[in-house]
Amino acid sequence: MLQVFVIREYRDGVVAGLAKRGIKDAATLVDRAVELDQLRKQAQQKADEIRARSNTEAKRIGELIKSGQSEEAAKLRVAIAADKESLKTIEGDLASYEEQLRQHLYKIPNVPAEKVPAGAGADENVTVHSHGKAPQLGPDAVPHWELIKKYDIIDFDLGVKITGAGFPVYKGKGAKLQRALISFFLDEAEKAGYREMMPPIMVNEASGYGTGQLPDKEGQMYHVTLDNLYLIPTAEVPITNLYRDVILREEELPVKNVGYTPCFRREAGSWGAHVRGLNRLHQFDKVEIVQIRKAEDSYTALDEMCAYVQGLLEKLELPYRKLLLCGGDMGFNSAMTYDMEVFAAAQQRWLEVSSVSNFETYQANRLKLRYKNKEGKTELLHTLNGSALALPRIVAAILENNQSGKGIRIPSVLVPYAGFDRIS
RNA sequence: GGAGAGAUGCCAGAGCGGUCGAAUGGGACGGUCUCGAAAACCGUUGUACGGGCAACUGUACCGAGGGUUCGAAUCCCUCUCUCUCCGCCA
C-alpha cells in the first residue's frame with residue numbers, strides 16, 4: 001500500500017499517476033486518505049495527551065500511598081475517573097480511524113512510474129522490443145492440445161478424473177520435459193547470481209496480506225479453511241514474505257532469490273474462448289525471480305531482470321515480444337511492468353510467459369521491509385519480481401513451433417536436461 | 001492426538017503489580033592505549049506514530065488479542081507459536 005505521507009506531500013502527482021490507470025475518481029480517493037489520516041492524527045494526539053496525564057497521576061498515587069497519605073490518594077483516584085472514560089471513547093475512535101485508513105489504502109493501487117503510458121487496457125500496451133521470427137509450419141500443423149494427445153504426453157482427461165478441469169497429468173516425455181525446464185531455469189538463475197529457495201506452497205493469512213493477494217484477490221486463491229492456509233498463486237508470495245518485518249543491513253543488499261514452485265489459481269470467472277489446452281490452468285509450474293533493492297537502483301534491476309528473461313527465451317529459440325504495460329493493464333501493486341509474450345505458431349497467438357515488475361515501496365510498506373542506511377536511518381526497500389519462467393505456455397510454444405512430420409524437436413539447451421532431443 | 005514447560009531487546013538471560021524500554025553477559029559499533037593488532041578500560045547500540053528549526057520531547061510496543069487495577073513485562077481469560085515426553089507416522 002502507499003505511504004500516507006507520500007499521498008499527503010505529493011498529492012497532485014499521486015492523482016495524476018492514478019489517472020494513468022484510468023481511475024476516474026482518483027482525487028476523491030486520495031483526498032479521503034488524507035482526511036482519514038488527519039482524523040487519525042487528531043485522535044492520536046488527544047489519546048496521547050490523556051495517557052500522559054494519567055501516567056503522571058498514577059505515579060503520584062503510588063507515591064502518596066507509599067508516604068501513607070491514603071486519603072489524598074483516594075481523592076486523586078476519583079479525579080482520574082473522568083479521564084478514563086473519555087480515553088475509552090477516544091481509543092475507540094482511534095482504532096476505527098486506523099482501520100478505516102488501512103482499508104482505504106488497500107483500495108488505492110500503486111502509482112505508475114513516470115515512463116508508464118496511460119491507457120485503459122491491453123490494446124494500449126507498448127511493444128518495446130521483439131526478437132525472432134515465427135516459424136513456417138507445414139499445412140498439417142496443429143495446436144498443442146492436439147499434439148499432446150497425438151504423442152500422449154499430457155492428459156487433461158485423467159486430470160479431470162482425479163481432480164478437475166485445469167489440472168493436467170504430465171506423462172512420460174511430457175513429465176520429463178517439465179523437469180528439464182525447471183532444472184534449466186533454476187540452473188540459469190543460479191548462474192545469474194540468484195540464490196535458490198524452496199519455500200512451502202501454502203501460506204498463512206499474514207503472508208497473503210503482505211504481498212497484496214489479500215484482501216482484494218481473496219477469491220483467486222485456494223483456501224484451506226480447516227487450517228486457514230492458502231495455496232500460493234505464485235512463488236512471489238512465500239519468497240517475498242520471507243522478508244516481512246525485516247530490517248536488512250546494507251551489506252545484505254541486493255537480495256536476489258529464485259524459487260521453483262507449483263502455482264495454484266482458481267481463475268474464477270476468467271475461462272473463455274482463448275484458454276484451451278495449456279493456455280490457462282489451475283495448477284502449473286513456475287520459476288520465479290525476486291529481488292530486493294535500494295530505491296536508487298531498483299530500475300536498473302528491473303532492466304537486468306528483463307534482460308535475463310529475454311536471454312532465457314532466446315536460448316529456448318522462441319520468438320517473443322516485450323511489452324511495456326500501460327497504466328490500465330498493470331497489476332494493482334506494480335509501479336512498472338514488462339510482459340514477455342512468445343508466439344505460438346499453430347494458434348497464431350501471443351502467449352504471456354513472463355511478467356516482470358517493480359513494486360517500488362508499495363509491497364515493502366505493507367511488509368515492513370526496510371534497511372538501515374549509512375546514516376543509521378531505516379528506509380523502505382523496493383521489491384521486484386518476474387517469472388523466469390512459467391512453464392505451460394512455454395511448453396505450448398515449444399510443441400507448436402517445433403513440430404514437423406518427424407515429431408517435435410527439443411531446443412538444444414534442454415536436451416542434456418531432458419535426455420532426448422525429439423518427441424515422436 | 002494426550003501430558004507438561006515456555007514465549008522478554010541483535011543473541012543469551014534476569015525481572016517484587018508502582019521509580020522497567022527493561023538488570024547482567026555476549027555480539028556489533030565508536031573511543032582510549034598500541035607502530036599495528038589482541039587484551040584491558042570507557043561509551044554507544046530498538047521500532048512506530050505525534051510535537052519542535054533544533055537540542056529535545058509525548059505516547060505505544062516485553063508472542064497476539066481481550067480483561068482486572070489509580071497503575072501490568074509482572075495477575076486473569078482466549079488464541080498463536082516453540083520445546084520436552086508419550087502415541088501415530090511419510
Side-chain angles (χ1 to χ4, degrees), chain A residues 1-9 33-105 198-210 214 223-230 238 241-253 255 262 361 363-381:
Chain A
M1 66 187 158
L2 294 173
Q3 300 172 83
V4 188
F5 93 87
V6 171
I7 297 179
R8 202 191 313 128
E9 311 276 314
V34 175
E35 184 191 348
L36 282 170
D37 184 52
Q38 206 56 40
L39 289 168
R40 195 217 89 240
K41 207 188 279 186
Q42 281 164 14
Q44 170 100 43
Q45 276 169 8
K46 226 185 272 176
D48 282 359
E49 192 189 307
I50 297 174
R51 282 197 191 115
R53 193 157 58 225
S54 12
N55 281 348
T56 44
E57 303 294 274
K59 247 175 227 172
R60 193 114 61 87
I61 290 175
E63 283 161 15
L64 289 172
I65 291 172
K66 238 178 221 170
S67 56
Q69 300 170 266
S70 50
E71 271 168 51
E72 295 295 314
K75 263 189 226 165
L76 249 179
R77 237 174 253 178
V78 175
I80 291 174
D83 268 354
K84 278 204 82 181
E85 276 311 303
S86 51
L87 183 59
K88 239 178 216 165
T89 37
I90 288 163
E91 275 178 340
D93 291 350
L94 179 58
S96 147
Y97 289 137
E98 279 173 346
E99 185 56 24
Q100 282 181 60
L101 178 60
R102 184 173 29 249
Q103 292 305 328
H104 188 74
L105 288 175
M198 193 179 270
I201 58 174
M202 289 204 267
V203 294
N204 56 28
E205 217 172 11
S207 296
Y209 278 98
L214 295 175
H223 187 189
V224 182
T225 51
L226 197 57
D227 297 292
N228 198 24
L229 295 173
Y230 293 85
N241 269 285
L242 297 173
Y243 300 90
R244 171 154 44 85
D245 289 317
V246 167
I247 300 177
L248 291 167
R249 282 171 288 125
E250 192 167 12
E251 58 269 28
E252 292 176 284
L253 293 165
V255 171
T361 59
Q363 267 186 341
N365 188 35
R366 254 201 223 193
L367 289 164
K368 298 203 179 67
L369 166 55
R370 293 159 294 178
Y371 83 107
K372 233 183 234 307
N373 67 19
K374 283 193 188 73
E375 293 82 51
K377 287 212 165 188
T378 48
E379 221 179 293
L380 284 175
L381 285 159

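Sequence lines set the chain letters: A, B, ... in the order given, protein chains first and strands last, and positions in each chain run from 1.
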Where do A:A43 and A:I90 come nearest, in terms of heavy atoms and distance? O-CG2, 3.5 Å
Take the protein atom CZ of A:R60 and the nucleotide atom C1' of B:U19, then report the distance between them rounded to whole Å. 15 Å
Look for any protein N or O under 3.5 Å of an N or O in nucleotides 26-28 of chain B and output each such pair with its distance, or none.
none

Qualifying residues under side-chain contact (heavy atoms from CB on, under 4.5 Å), relative to A:L87, sequence neighbours excluded: A:A47, A:I50, A:R51, A:E91
Tell me every residue that passes side-chain contact (heavy atoms from CB on, under 4.5 Å) with A:Q100, counting only those two or more places apart in sequence or in another chain. A:R32, A:L36, A:S96, A:Y97
Donor-acceptor list for residues 198-210 of chain A side chains, cut-off 3.5 Å, not counting sequence neighbours:
{"residue": "A:N204", "atom": "OD1", "partner": "A:A206", "partner atom": "N", "Å": "3.4"}
{"residue": "A:N204", "atom": "OD1", "partner": "A:S207", "partner atom": "N", "Å": "3.0"}
{"residue": "A:N204", "atom": "OD1", "partner": "A:S207", "partner atom": "OG", "Å": "3.1"}
{"residue": "A:E205", "atom": "OE1", "partner": "A:N228", "partner atom": "ND2", "Å": "3.4"}
{"residue": "A:S207", "atom": "OG", "partner": "A:R244", "partner atom": "NH2", "Å": "2.9"}

Side-chain contact check for A:I61: nearest option of B:A48, B:C70, B:G50 is B:C70
B:G58 C1' sits how many Å from A:K41 NZ, rounded? 15 Å
List the protein contact pattern of nucleotides 73-81 of chain B with one symbol per nucleotide (5' to 3'): B for base contact, S for sugar-phosphate-only contact, - for none; contact means a heavy-atom distance under 4.0 Å. ---------
Applying salt bridge (charged side-chain N to carboxylate O under 4.0 Å, His left out), name anything that partners A:R370, two or more places apart in sequence or on another chain. none
Mind checking if A:K46 touches a base, just sugar-phosphate, or nothing, with heavy atoms under 4.0 Å? nothing
Rounding to an integer number of angstrom, what distance separates B:C29 and B:U84 when you compare their P atoms? 34 Å
Determine the Euclidean distance between corresponding P atoms of B:C42 and B:G26; express it in Å to zero decimal places. 11 Å
Apply the test salt bridge (charged side-chain N to carboxylate O under 4.0 Å, His left out) to residues A:K377 and A:E379: give CA-CA distance (whole Å), side-chain angles for both, the deciding distance (0.1 Å), then the verdict. CA-CA 6 Å; A:K377 287 212 165 188; A:E379 221 179 293; over 6 Å; no
According to salt bridge (charged side-chain N to carboxylate O under 4.0 Å, His left out), who are the partners of A:E49, at least two apart in sequence or on a separate chain? none
Among B:U47, B:C70, B:G51, the one nearest A:Q45 by side-chain distance: B:G51
Whole angstrom value for the distance that separates P of B:G1 from CG of A:L226: 10 Å
Using the C1' atom as the point on both nucleotides, what is the distance between B:U44 and B:G63, in whole Å? 29 Å
Rounded to whole Å, CD of A:E57 lies from P of B:G71 at a distance of 12 Å
Provide the distance between the two C1' atoms, one in B:C62 and one in B:G46, to the nearest whole Å. 12 Å
Begin with the C-alpha distance, continue with both residues' side-chain angles, and end with the deciding distance and a verdict on side-chain contact (heavy atoms from CB on, under 4.5 Å) for A:L381 and A:L253. CA-CA 10 Å; A:L381 285 159; A:L253 293 165; 3.6 Å; yes
Rounded at 0.5 Å granularity, tell me how far CG in A:L367 sits from CG in A:D245. 8.0 Å
Choosing from B:G50, B:G18, B:A48, which nucleotide comes nearest the side chain of A:R40? B:G50
Separation of A:T378 OG1 from A:L248 CG (nearest 0.5 Å): 12.0 Å
RNA chain B-proximal residues of residues 199-207 of chain A, any heavy atom under 4.0 Å: none
Any base atoms under 4.0 Å from A:T378, or only sugar-phosphate, or nothing? Heavy atoms, all strands. sugar-phosphate
Rounded to whole Å, please give me the gap between CZ in A:R102 and P in B:A48. 17 Å
Could you pull out all residues at least two apart from A:R60 that satisfy salt bridge (charged side-chain N to carboxylate O under 4.0 Å, His left out)? A:E57
Sugar-phosphate, base or nothing in reach of A:R249, heavy atoms under 4.0 Å: nothing
Minimum heavy-atom distance between A:R8 and A:D37, given as atom pair plus value: NH2-OD2, 3.1 Å
The residue, A:K372 or A:D37, whose nearest nucleotide of RNA chain B is more 5′ is A:K372
Detail all sub-3.5 Å separations between protein N/O atoms and N/O atoms belonging to nucleotides 59-69 of chain B.
{"residue": "B:U59", "atom": "OP1", "partner": "A:N55", "partner atom": "ND2", "Å": "3.4"}
{"residue": "B:U59", "atom": "O2'", "partner": "A:D48", "partner atom": "OD1", "Å": "2.9"}
{"residue": "B:U59", "atom": "O2'", "partner": "A:R51", "partner atom": "NH1", "Å": "3.1"}

Distance, P atom - from B:A28 to B:C11, rounded to whole angstrom: 15 Å
Please state how far atom CD1 in A:I65 lies from atom C1' in B:U19, giving the value in whole angstrom units. 14 Å
Member of A:K46, A:Q44, A:Q38 meeting the side-chain contact (heavy atoms from CB on, under 4.5 Å) criterion with A:Q42: A:Q38
Spacing between A:K377 atom NZ and B:U45 atom C1', to the nearest angstrom: 17 Å
Any idea which heavy atoms bring A:L2 and A:L105 closest together, and the distance? O-CD1, 4.0 Å
Could you grab the distance from atom CE of A:M1 to atom CG of A:L101, nearest 0.5 Å is fine? 8.0 Å
Report the secondary structure of RNA chain B in dot-bracket form, marking unpaired bases with a dot and bases paired to a different strand with |, and treating Watson-Crick or G-U pairs with both distances under 3.5 Å as paired. ((((((((.[[[..)..(.....]]]((((((.......))))))((((((....)))))).[[[[[..)....]]]]])))))))....
With A:D93, which residues qualify under salt bridge (charged side-chain N to carboxylate O under 4.0 Å, His left out), at least two apart? none
How many whole angstroms separate atom CD of A:E63 from atom C1' of B:G71? 12 Å
Pick the P atom in B:C76 and in B:G17, then give their distance to the nearest Å. 11 Å
Say we look at B:A22 and B:G9: how far apart would their P atoms be, to the nearest angstrom? 14 Å
Taken to the nearest 0.5 Å, the spacing of A:L94 CG from A:L39 CG works out to 11.0 Å
When rounded to the nearest Å, what value does the distance between P atoms of B:A7 and B:A55 take? 38 Å
